[in-house]
Amino acid sequence: MDKIYVCPNFLPNYYSSQKGSEDLSITEFYTLLHRPVLLGDPGGGKSTFSQKLCYDLATKYENRLLADRQVTPFLVILRDYASQKQQEPCSILEFINDNIKADYQITSFPSDAVEYLLLSGRAVVIFDGLDELTNTSDRKKKSG
């Protein structure tokens, strides 16, 4: 993945593009991450970057890429969460647990493992697709 991934340009904040500030490297971006919002045009690579971030955090765990912390990444695709929540109401935590069991075919998974990782600061949740939620009230519920 490292050989084929083309890294986008990162600006420190949205308004910096007007002030002529320098782009951040991907390493600098990872180091500065604390509740960022990645903005970009449709097809601009936001989802691909989310997957690459998860890949880097999982495969380079010992390097402490995210603000010098060792974290386990969880990718939540919000359209999938919204779809599941319409069928059967669930929390983000329940959604992550369900996906772990389904994606990795784990039958004996400790139900409190993800919650422990989150509460202890050893996990990071990456939300993808907020802009794809068509109902603005859903956006407010997910972001609140």
Side-chain angles (χ1 to χ4, degrees), residues 1-17 21 23-144:
M1 177 165 300
D2 289 329
K3 292 180 182 180
I4 62 170
Y5 181 73
V6 177
C7 186
N9 296 329
F10 299 105
L11 297 173
N13 65 51
Y14 178 72
Y15 300 103
S16 296
S17 62
S21 68
D23 293 348
L24 297 172
S25 71
I26 195 166
T27 306
E28 290 172 319
F29 183 75
Y30 285 171
T31 303
L32 298 173
L33 278 179
H34 182 74
R35 296 185 183 169
V37 175
L38 186 61
L39 302 173
D41 293 329
K46 299 179 298 292
S47 294
T48 302
F49 175 74
S50 297
Q51 293 171 0
K52 169 70 167 144
L53 175 59
C54 286
Y55 171 81
D56 284 348
L57 292 174
T59 60
K60 300 172 185 172
Y61 186 79
E62 295 299 322
N63 293 354
R64 298 175 183 261
L65 296 177
L66 189 66
D68 201 33
R69 294 174 31 224
Q70 289 180 316
V71 293
T72 301
F74 296 107
L75 181 62
V76 173
I77 300 171
L78 290 172
R79 71 176 169 269
D80 296 342
Y81 172 62
S83 175
Q84 182 172 330
K85 190 169 178 151
Q86 282 181 341
Q87 294 173 7
E88 183 179 330
C90 64
S91 69
I92 293 283
L93 182 59
E94 292 167 332
F95 177 76
I96 292 171
N97 280 323
D98 290 347
N99 280 331
I100 288 171
K101 291 174 187 175
D103 291 347
Y104 302 107
Q105 299 177 358
I106 298 174
T107 56
S108 60
F109 180 73
S111 61
D112 60 346
V114 174
E115 184 176 16
Y116 169 77
L117 289 172
L118 289 168
L119 291 173
S120 65
R122 295 180 182 179
V124 62
V125 179
I126 300 161
F127 295 102
D128 182 36
L130 182 61
D131 58 334
E132 297 173 22
L133 295 177
T134 56
N135 187 344
T136 55
S137 64
D138 284 346
R139 289 183 193 173
K140 290 177 185 174
K141 288 177 190 173
K142 306 302 183 276
S143 64

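Keep in mind that this is a model prediction, so the values were computed, not measured. The analysis underlying the following values was restricted to heavy atoms, covering all of them including side chains, and did not include hydrogens, waters or symmetry mates.
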CD1/I77 to CD1/I126 distance, rounded to the nearest 0.5 angstrom?
-> 11.0 Å
From OG1 (T72) to CG (L118), nearest 0.5 Å | 9.5 Å
If a pair satisfies ring pair (Phe, Tyr, Trp, His ring centres under 6.0 Å) and one of its residues is in residues 36-72, list it, with sequence neighbours excluded.
-> F10-F49, F29-F49
Nearest-0.5 Å distance, CG of residue D131 to CG of residue L78 = 9.5 Å
Using a 4.5 Å cut-off on heavy atoms from C-beta on, say whether the side chain of Y5 contacts that of T48.
-> yes
Here the salt bridge (Lys or Arg N to Asp or Glu O under 4.0 Å) pairs for residues 47-71, sequence neighbours left out, are D2-K52, D2-K60, K52-D56, D56-K60
With rounding to the nearest 0.5 Å, note down the distance linking CG in L65 to OG1 in T31.
-> 8.0 Å
Please, which pairs that meet ring pair (Phe, Tyr, Trp, His ring centres under 6.0 Å) have at least one residue in residues 89-121, sequence neighbours excluded?
-> Y81-F95
So, do S50 and K46 sit near enough that their side-chain heavy atoms are less than 4.5 Å apart?
-> no
Heavy-atom closest pair (C54 atom, L75 atom, distance to 0.1 Å) is SG-CB, 3.7 Å
Nearest 0.5 Å please: distance from the CZ atom of F74 over to the CD1 atom of I100.
-> 4.5 Å
Among residues two or more places apart or on two chains, list those pairs meeting salt bridge (Lys or Arg N to Asp or Glu O under 4.0 Å) that have a residue in residues 73-83.
-> R79-E132
Pairs meeting criterion salt bridge (Lys or Arg N to Asp or Glu O under 4.0 Å) with involvement of residues 93-117, two or more places apart = none
Side-chain contact test, heavy atoms from C-beta onward, threshold under 4.5 Å: evaluate it for L53 versus P73 and give yes or no.
-> no
Side chain to side chain contact (heavy atoms under 4.5 Å, CB included) between T59 and M1, intermediate numbers included | CA-CA 11 Å; T59 60; M1 177 165 300; over 6 Å; no
Any residue meeting side-chain hydrogen bond (donor to acceptor under 3.5 Å, both in side chains) with T27, in chain and number order, not counting sequence neighbours | none
